[in-house]
Amino acid sequence: MRTIDLRPDETGHAAPITHVAFRPDGERLASCSYDGTVLVWDTTDPAQPLPLTRLRHRRLVNAAAWNPTRPALLATASADKTVAVWRIPDHGPHELVQALARHTDDINSVAWMPDGRRLICVSEDGRATLWDTASGAFLAEISAHAAHCMMVSVSRDGLIATVGEDGMVAVGEPGRPAEVLTRHYTSSVEGCAWSHSGRVLAVARDDGVVILLTPELECLRTVTVSSSAARSVAWADDDSSFVVGAYDGSLHFFGVDGERIRRVDDARMWPRSVATARGLVAAGSFWSGPHLLDLATGTPLSAPERPGHGANALAVLGDELLIGCDSGTVLAIDMDTEEADGEADGTGGTGHPPPSSRPPRLLEISDSPVLSLATRDGSVYAGTYAGHVVRHDGEGNDGARLDGARYDRPHHRGTRLVGESLGAPVPSLCFDGGRLVAGTYSGELIALDPATLTETDRGAPHGGSVKSLSAFGGGFLSAATDRTVAAGSLHHRETLWQHGNLVNAVAGLKGRVVASASRDHTVKVGLLTAGDEGRRVERTQTLLGPDESVKCVALLGDPSSPVVLAGSYDFGLYAWQVDWDDSAGTLASGRLLAEFRQGLSCMIRLDDRRVAVAGWDGRLLIVGQDRRGGVRELRSWDIGELVALAGLSADVGERVAS
């Protein structure tokens, strides 16, 4: 297993923050990140949190929990399939006390039992397991979900609550498996938290609702939070109120009676996790550090000042490649250098790109991360985490500038139109004829007028988040977390196939070939034929190689013998030459084409022979197929360096103009 190497600086994280956890006294906060580290912050002065200690895992870190009886102990849970227990004194170096490394899948959440010795771990394999942290011994399996187990919470009386993507809520005690109570919902459940008294369990559902339950799982109250998923919940110290983090990018404050107190919006926040202690609220972020707020008033006390430029989406506009970033900007770079017959690497042997006729540009799209991109007639369309679709027109460099610490957005000089919120993040966009189709986290397929960005129609939704859309043969392809890949028009869609887990991406080639990338570690590729009764999947192959979830996919070449490219969370870029007549050969086919320092995030086909690929480590590649069918790296950039160059160029341009 390769180790993340994002090289964060001393002042914060180098990737979005997945989880926050207060020590009970509120004077320390642990923040977990996609950069594979945990930062422990001194929050004695919440207006100026200070990073004290950095802990490292091999992969992204999903959660942390402070020990209830020994405040110096912190448990951290990672996608490297381990849970670590650390001793972190207020003064002196930290120490790894124990590593619980015998898990079969990513660990999503951890919680201590009241005795401060036993720890509950829940993971992607659906299991909730109990461990002795002193000896490292496995003690018992507490419950099992039919899908990913997402979160665990333990009450002061030792009742264990687990929730999962299967919609099940389970409550029980160690040693009493026959007495586990369950309640089932049709919506995925990803967050839960016991009140401090242990009398109420708050459950956060993907349909934007929080349910308050008794320990016997009787419903006390149903609270409608948002049109987007409710992801996390935390209680005030006196249980008089609770805070919900929703995927509309907001924090929602409620009284215990279910009445809304206030809502706090900040496009930098990623409320996948919220935490409370001693009158403070902490929330995760897409930027370099956590957000701290006053619980009583919702007043922001401190927020990160440095954005991340992790790449989430790619598109082509003329001879420019567009990269949609966590910072809410789109980076545009010139691709005017051609590789002669696919034999030259375009770098002159130096590993650096040749000089371009134009410097990179930064387009200010949103304050919220850009998750998806599409282009048409000189306009850029972007789907954001905040649930908006934005259109950007014109050639002006918006000139976002970086001075190393603070990110300043100058006056916007381009033409920008922001559509009404679609109620959920927009991870996918594509054109279907004359209309723009948006796929949302809620599973909706929404048609928009490209000129006004107003909704014109809705199609039959998927049963899960629409992760990817791609124009295909007079219609479009879609891939979703309901495990399906579908094709067709907005109202007439056919399921082509299913994966064993959620589908992250889909791509098509010349209306004949479809490839999909899944969390089940596979890529499926199919050859389609069109008939009077619709499309028919003539042949399929399942491509193996990645050891973890496959995040992105693209196709090159000719439908009769296509090349499939895919990027994985295992940091690898893979290539397969498909032979439709040799299905058995797929088990041994494929090769590792390139390695990144983090997972790969997105890719796009540029033409019949080239694909652009981006990773969360900031690396951007163009790979191509030569005349002999081989595929290799042609060019490489560092996105961070390009962003800095674009900011410098904008700064110079402003000085010249003035």
Side chains of [X] and [Y]: does their closest heavy-atom pair fall under 4.5 Å?
X: Leu528; Y: Val514; result: yes
X: Leu314; Y: Ile323; result: yes
X: Glu320; Y: Met335; result: no
X: Val537; Y: Leu527; result: no
X: Lys524; Y: Thr540; result: no
X: Arg610; Y: Ile622; result: yes
X: Val370; Y: Asn312; result: no
X: Phe596; Y: Asp570; result: no

**Report entry** Glu538 atom CD, over 12 foreign heavy atoms within 6.0 Å
**Finding:** yes

**Report entry** Enclosure of His491 NE2 (heavy-atom neighbours >12, cutoff 6.0 Å)
**Finding:** yes

Taking every non-hydrogen atom, the tightest pair across [X] and [Y]:
X: Ser568; Y: Glu548; result: OG-O, 3.5 Å
X: Leu6; Y: Asp617; result: CD2-CA, 3.4 Å
X: Cys602; Y: Ala313; result: SG-N, 3.6 Å
X: Cys32; Y: Val61; result: CB-O, 3.5 Å
X: Pro427; Y: Gly439; result: CD-O, 3.1 Å

**Report entry** side chain to side chain contact (heavy atoms under 4.5 Å, CB included) assessment of Ile4 paired with His57
**Finding:** CA-CA 8 Å; Ile4 287 177; His57 276 268; over 6 Å; no

Give a yes or no on whether the backbone of [Y] and the side-chain of [X] come within a donor-acceptor separation of less than 3.5 Å.
X: Ser549; Y: Tyr569; answer: no
X: Asp626; Y: Gly630; answer: yes
X: Arg391; Y: Leu417; answer: no
X: His388; Y: Gly419; answer: yes
X: Thr481; Y: Ser465; answer: yes
X: Ser421; Y: Gly423; answer: yes
X: Asn504; Y: Val550; answer: yes
X: Thr440; Y: Pro425; answer: no
X: Asp166; Y: Ala146; answer: yes
X: Asp80; Y: Arg58; answer: yes

Report task. Could you point out which residue of Leu556, Val578, Val611, Val623 forms a side chain to side chain contact (heavy atoms under 4.5 Å, CB included) with Val563? Result -> Leu556

Once rounded to the nearest 0.5 Å, what's the spacing between atom [atom1] of [X] and atom [atom2] of [Y]?
X: Asp558; Y: Leu555; atom1: CG; atom2: CG; value: 11.5 Å
X: Leu509; Y: Ser470; atom1: CG; atom2: OG; value: 10.0 Å
X: Asp125; Y: Lys81; atom1: CG; atom2: NZ; value: 10.0 Å
X: Leu469; Y: Leu477; atom1: CG; atom2: CG; value: 9.0 Å
X: Thr329; Y: Leu363; atom1: OG1; atom2: CG; value: 8.5 Å
X: Ser188; Y: His148; atom1: OG; atom2: NE2; value: 10.0 Å

Query - CA sep, side-chain torsions, deciding dist, call: Leu565, Val553, side chain to side chain contact (heavy atoms under 4.5 Å, CB included) - result: CA-CA 6 Å; Leu565 296 170; Val553 67; over 6 Å; no

Is any NZ, NE, NH1 or NH2 atom of the basic residue among [X] and [Y] found under 4.0 Å from an Asp or Glu carboxylate oxygen of the other?
X: Arg519; Y: Glu124; answer: yes
X: Asp608; Y: Lys510; answer: yes
X: Arg268; Y: Asp367; answer: no
X: Arg435; Y: Asp457; answer: yes

With a 3.5 Å cut-off and no angle check, do the side chains of [X] and [Y] form a donor-acceptor pair?
X: Ser561; Y: Gln577; value: yes
X: Trp497; Y: Ser516; value: yes
X: Asp106; Y: Asn62; value: no
X: Asp393; Y: Ser379; value: yes
X: His309; Y: Ser327; value: yes
X: Ser366; Y: Ser368; value: no
X: Arg59; Y: Ser78; value: no

Query raised in the report: Parallel under 30°, tilted from 30 to 60°, perpendicular over 60°: which one fits the rings of Tyr247 and Trp270?
Result: parallel

Requested in this report: I would like to know whether Thr586 and Thr542 meet side chain to side chain contact (heavy atoms under 4.5 Å, CB included); could you show each step before the answer?
Outcome: CA-CA 7 Å; Thr586 60; Thr542 299; 6.0 Å; no

Query raised in the report: Are Tyr381 and Phe431 close enough that their ring centres sit under 6.0 Å apart?
Result: yes

Requested in this report: Step through it carefully: locate the ring centre of Phe571, locate the ring centre of Trp616, and say whether they are under 6.0 Å apart.
Outcome: no

Report task. Could you go through the salt bridge (Lys or Arg N to Asp or Glu O under 4.0 Å) check for Glu494 and Arg536 one step at a time? Result -> CA-CA 9 Å; Glu494 305 169 64; Arg536 181 173 63 87; over 6 Å; no

Requested in this report: For salt bridge (Lys or Arg N to Asp or Glu O under 4.0 Å), just list the numbers for Arg605 and Asp607, CA-CA rounded to whole Å, side-chain angles, deciding distance to a tenth of an Å, and then say yes or no.
Outcome: CA-CA 6 Å; Arg605 179 174 173 269; Asp607 52 40; over 6 Å; no

Query raised in the report: Is NZ or CZ of Arg493 both nearer than 6.0 Å to the six-membered ring centre of Phe476 and within 45° of the ring axis?
Result: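 Yes, a cation-pi geometry.
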
Requested in this report: Test side chain to side chain contact (heavy atoms under 4.5 Å, CB included) on Arg416 and Glu364 and set out the steps.
Outcome: CA-CA 9 Å; Arg416 185 177 60 168; Glu364 182 187 342; 4.0 Å; yes

Requested in this report: Give me the one residue out of His499, His462, Gln498 that meets side chain to side chain donor-acceptor pair (under 3.5 Å) with Asp482.
Outcome: His462

Report task. Would you please test Asp581 and Arg539 for salt bridge (Lys or Arg N to Asp or Glu O under 4.0 Å) and show each step? Result -> CA-CA 9 Å; Asp581 296 323; Arg539 302 180 188 181; 2.9 Å; yes

